[in-house]
Amino acid sequence: MELAKTYDPKLVEGRWYQHWMEQGFFRSVPDEREPFTIVIPPPNVTGVLHMGHMLNNTIQDVLIRKARMEGKNACWVPGTDHASIATESKVVGMLREKGIKKSDISRDEFLKHAFEWKDKYGGIILEQLRRLGASCDWERTRFTMEDKLSKAVIKVFVDLYRKGYLYRDLKMINWDPKARTTLSNEEVVYKEKRSKLYHVRYQVEGSQDEWLTIATTRPETILGDTAVCVNPKDPRYTHLQGKKVLVPLIGRSIPVIFDEYVDMEFGTGALKVTPAHDINDYELGKKHNLETIDMMNDDGTISPAGQLYVGEDRFTARKRIIEEIETAGQLVKVEEIDNKVGYSERNPDTVVEPRLSLQWFVDMQPLAGPALENVLNDEIQFHPAQFKNLYKHWLENIRNWPISRQLWWGQQIPAWYLEDGSFFVAETAEEALELARKATKDDSLSLSALRQDEDVVDTWFSSWLWPISVFDGFENKEELNYYYPTNVLVTGWDIIFFWVARMIMAGYEYTGEKPFKHVYFTGMVRDKEGRKMSKSLGNSPDAMELLDTYGADGVRVGMLIAAPKGNDLLFDVKLCEQGRNFSNKVWNALRLIKGWESYEDKNTDNEAAIAWLESRLNQVIQDIDAHFAAFRLSDALMAVYSFIWDDFCSWYLEMIKPEYQQPIDSHTLARTIELFEKGLQLMHPFMPFITEEIWNQLRERDSKDCIIVSRWPQAGQVDAALLQQAEAAKEVISKVREVRNQKGLKQKEPLQLYAVVKDKNRYATFSAMIQKLAFLGEFSFVDAEVDGTQTFLVGTDQFFLKTGDTIDPEQEKARLLQERDYLLGFIRSVQGKLSNEKFVSSAPAAVVDSERKKLSDGEAKVKAIEESLAKLN
RNA sequence: GCGCUGUUAGCUCAGUUGGUUCAGAGCAUUACCUUGACAGGGUAGGGGUCACUGGUUCGAAUCCAGUACAGCGCACCA
């Protein structure tokens, strides 16, 4: 069959993926082999594949494929995350389009809609991952909100509650008024903003015209003011001791209090205090027994407690209140300042409000200990390791985790309340009822007396259990014992707190063991200018389109070749082009080899070439294994890339290539196929499809004899002397080509080369190669300089190339003089070192020897050049 | 404000304990080549005072201190 001139991934990828599936190559069940386990960072169930996923999952696939080839029981567990805030807001939006308001339907109805939505759109991303070549065990696909996983969440909630690690408390939390839910500190993103600082004067109660001016960036909260605070050391305000002031517009009388907390330098030195809407104000309020007025509704509108602008949005209210204050003559001035404003991570345009709220919290202190210790002591290794710093800092300053979310899409909090507000935490309503009966000593209590907490838990409160729960580890230890701890987690460093740290905590708490041995952090995928990929910038390529255009292998190479671990990837489609070009290069190596007719012969002139490539291969295997061990995937890819392109294609195939349309001896062909196969195996983790295709093109194979399950090549002997000889030969060839280039000679016009060398053996093995690749009519050793030739040096060996051209003596002289001057300078610096007694006495002998060798080599070279110069004169 | 990390070729990055040609790779770029596996190609080049200053050392891209710039994290922000 004739092979196409260019490689077409479309004809290959789908076919092989299906074949792998049919053969069950991705399937893993526990057996006696060593396991190698990766759990996927579950993408949002309604998500679609983007560049970040491609990078992340390519890395996981590379690792899992390598492990599979090493004979390990490779298990990559896929799945999706219910992503409560993100998904719920998508569903709310979808319902709104249908004219349904969330507030008009019941929880059950809403969940019905949500599950319908999930069944329709959920899992698209998993299908897309198949296109990328992800070799997940799809039979293990899990979902964070499926029954078993939800049960685990409830179990853990109850357990932590009973241990006293989980409690309910009224605290200042971050509130997302769009999603109408609590957020943890980590879910608040602070952005530097240019804001207005309003200076507003409050009249001192009982005075005619005495005023106290405060400064605020959130004037709408004036409606919730219950004090004004000044520093007791501030001489400007000492006279206000015991005085009261009137809140503008509403005229509420509030005390002037004194606290060192206030910075005298900032604004006017007077701070309005709104205990319900600011964390610091709340602390002041507690300390000074202030009233707390919650003047905002959960959607960010003003509540009746605010008295004015009730029902208006907070930002509209801000505008209007300032206008009215100005009209009242109480706006002193407006100043521009830079401050940081917190936005919701999930709703990036929504400003987060500090809000006083009754929520469930996890006490992180007891969980943090083992999590910190085992990362610092490298029981769990971070790659790159510098993320340990970030991790350490966060854990050492850890704050309690508010886990309740005022949403419906998620695991409902297993707490049941009685009329009087007392509550009972249990895995089921029945158990809660039993607890309630015991507590109240009232056996007549029925389920209808209990009301379950309306809230659900934070998504991360389910995903922190992921490495355990995907193996059903909370009900059955069998699979857990085999697959856990998992080998490596591949994830972005941006969720180091959200997810990585918490999985480590849950791991130690619930299994007494780490959840993974290694964490490979990927950076963010940015465009080539370093900007974040975003819809509004339109700089985010369509992932599926890339796969179509460049093939999965091309895209995978493109992503990995420029993705050093932990660093952001500056993505450019040109990288995928490079990947595709590489595919094509390998494909054409196949075409060449397949195109050869062979004749039976056990003797060959190519023995040296074969032995050389084999040594190179063994060297490359060693390099690649070392790169993998250190998670240097880009380097591993680069090593195989240059082995295939440079060593195999550019040198080896050219060395053994027969004359045009001539056959090749069978021995060389067989050995070439073997070596090519090994190269393909090294490529396979990175480029699964094309390697499988070529693997099967090279020989007739059984349907089970696939490269994906072939054994990873073992590094054999490296013949260092041979490699050196080859390098010398390559240098001679390059030098000849250089001369041709300079002289404008044809590549294939036969020339004569003569050499004066110290050791003929150095060139003996490859002399035929030199002759062939440098296109020489003659290559021979001589005893003395040959006249009328172009000269060059390889090491200290002299070469004389007869170009047929007449040599311009002046030009040649100039060239030689330049080279000599360079060498003389070099020699001077080496001599300088060697004449320094301190160097000779304190440097290691090997270093001194090498300097001496440099000197003698340099001198020999100069001597050779001077001989040539003498001839020219 | 506190802390972490970085600064090496036009771009993205290697450079392991200071010492063998250590100043590298890929991409980009330049010249030449093109019926011969591959123009999605071949061959050969050009390109860097290793951010700056000082120190340690026989010897510094590498170690130390300081400076500048950049990125990130945390805290504060009326």
Side-chain angles (χ1 to χ4, degrees), chain A residues 3 5-7 185 190 195 197-199 214-218 221 228-229 262-263 266-274 278 280-281 337-341 384 386-394 397 493-494 496-497 528 530 550 554 561-564 566-570 572 574-575 577-578 580-596 626 630 632 634-635 637-639 641-642 649-650 653-654 657 659-661 733-735 737-742 744-748 826 832-833 836-844 846-851 853-854 857:
Chain A
L3 291 173
K5 203 170 170 183
T6 51
Y7 170 67
N185 290 317
Y190 288 94
S195 301
L197 181 65
Y198 301 95
H199 291 243
I214 58 90
T216 179
T217 52
R218 294 159 67 210
T221 61
V228 170
C229 189
V262 176
D263 177 359
F266 191 92
T268 61
L271 167 72
K272 65 189 244 6
V273 183
T274 320
D278 184 278
N280 298 304
D281 291 12
I337 60 157
D338 289 320
N339 70 344
K340 277 186 187 159
V341 181
Q386 64 249 32
F387 284 110
K388 282 163 79 171
N389 287 326
L390 184 59
Y391 179 85
K392 176 169 179 262
H393 187 264
W394 188 73
N397 298 284
W493 55 262
D494 51 325
I496 187 170
F497 309 138
K528 62 180 168 186
Y550 300 102
I561 208 143
N567 278 19
D568 287 351
L569 163 63
L570 269 53
D572 186 341
K574 279 198 168 158
L575 295 166
E577 243 172 71
Q578 193 185 345
R580 179 202 56 189
N581 294 355
F582 184 42
S583 300
N584 206 48
K585 186 74 186 176
V586 192
W587 181 252
N588 276 286
L590 170 72
R591 283 183 69 214
L592 177 68
I593 293 167
K594 289 270 282 187
W596 283 335
R632 293 188 300 255
S634 297
D635 295 324
L637 171 57
M638 203 56 231
Y641 179 93
S642 65
C649 293
S650 297
L653 289 180
E654 294 299 331
K657 191 153 104 182
E659 290 292 305
Y660 183 49
Q661 290 189 329
I733 293 163
S734 290
K735 281 271 167 62
R737 287 168 174 167
E738 187 185 341
V739 174
R740 284 182 192 272
N741 253 326
Q742 278 170 1
L745 301 173
K746 288 247 183 282
Q747 297 290 336
K748 292 182 179 169
F826 177 71
K833 269 192 214 176
N836 182 336
E837 263 179 54
K838 277 190 174 171
F839 171 73
V840 180
S841 59
S842 48
V847 175
V848 178
D849 283 349
S850 88
E851 290 299 318
K853 184 167 185 311
K854 277 191 211 169
D857 283 359

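We use all heavy atoms of the structure for the numbers below, so side chains are in, but hydrogens, waters and symmetry mates are not.
Residues passing the salt bridge (Lys or Arg N to Asp or Glu O under 4.0 Å) test with A:K392 are A:E396, sequence neighbours excluded. Shown here are the side chain to side chain contact (heavy atoms under 4.5 Å, CB included) partners of A:N389, two or more places apart in sequence or in another chain: there are none. For A:V228, the side chain to side chain contact (heavy atoms under 4.5 Å, CB included) partners are A:Y202, A:L212, A:I214, A:V245, A:I254, A:A270, not counting sequence neighbours. Scored by the ring pair (Phe, Tyr, Trp, His ring centres under 6.0 Å) test, A:Y550 finds no partners at all (sequence neighbours excluded). Taking the side chain to side chain contact (heavy atoms under 4.5 Å, CB included) definition, one finds that A:F839 meets it with A:K833, A:L834, A:N836, A:A843, A:V847, A:V848, A:E851, sequence neighbours left out. For A:E738, there are no salt bridge (Lys or Arg N to Asp or Glu O under 4.0 Å) partners two or more places apart in sequence or in a different chain. Legend: residues meeting side chain to side chain contact (heavy atoms under 4.5 Å, CB included) with A:D857, ordered by chain and number and at least two apart, are A:T796, A:K853.
Nucleic acid contact class of A:L575 (heavy atoms, under 4.0 Å, all strands): none. At the heavy-atom level, A:L390 lies under 4.0 Å from the strands shown only through sugar-phosphate atoms.
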Hey, what are the protein-to-nucleotides 47-49 of chain B N/O distances that come in under 3.5 Å?
none

If you restrict it to nitrogen or oxygen atoms, what contacts under 3.5 Å exist between nucleotides 23-26 of chain B and the protein, and what is each distance?
from: B:G26; atom 1: O2'; to: A:Q578; atom 2: NE2; distance (Å): 2.9

All N/O contacts under 3.5 Å from nucleotides 74-76 of chain B to the protein, with atom names and distances to one decimal?
from: B:A75; atom 1: OP1; to: A:R399; atom 2: NH2; distance (Å): 2.5
from: B:A75; atom 1: N6; to: A:K340; atom 2: NZ; distance (Å): 2.8
from: B:C76; atom 1: N4; to: A:K340; atom 2: NZ; distance (Å): 3.4

Check the interface with nucleotides 58-65 of chain B: list each N/O to N/O pair with the protein under 3.5 Å, or write none.
from: B:C58; atom 1: O2'; to: A:N836; atom 2: ND2; distance (Å): 3.0

Subject >> Strand RNA chain B as a dot-bracket string - pairs counted if Watson-Crick or G-U with both distances under 3.5 Å, | where the partner lies in another strand >> reply: (((((((..((((.....[....)))).(((((.......))))).....(((((..]....))))))))))))....
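Of the candidate nucleotides B:A37, B:U20, B:G40, B:U20 has the atom nearest to the side chain of A:K854. Closest to the side chain of A:N567, from the set B:C13, B:U43, B:C38, is B:C13.
Atoms CD1 (A:I733) and P (B:A44) sit 10 Å apart, rounded to a whole Å. To the nearest angstrom, P of B:C77 lies 7 Å from CG of A:D278. Separating the CD atom of A:Q661 from the P atom of B:U35 is a distance of 14 Å, rounded to the nearest angstrom. At whole-Å resolution of the value, CH2 in A:W596 and P in B:A37 are 9 Å apart.
For the pair A:K657 and A:E654, the salt-bridge criterion is met [side-chain N within less than 4.0 Å of a carboxylate O].
Using a 4.0 Å cut-off, some side-chain N or O of A:K585 falls inside it from OP1 or OP2 of B:G42. Applying the 4.0 Å criterion to OP1 and OP2 of B:A44, one finds that A:R737 has a side-chain N or O inside that range. Between B:G40 and A:N588, no contact under 4.0 Å exists linking OP1 or OP2 to a side-chain N or O.
Looking at which nucleotide of RNA chain B each of A:S734 and A:N389 is closest to, the 5′-most match is held by A:N389.
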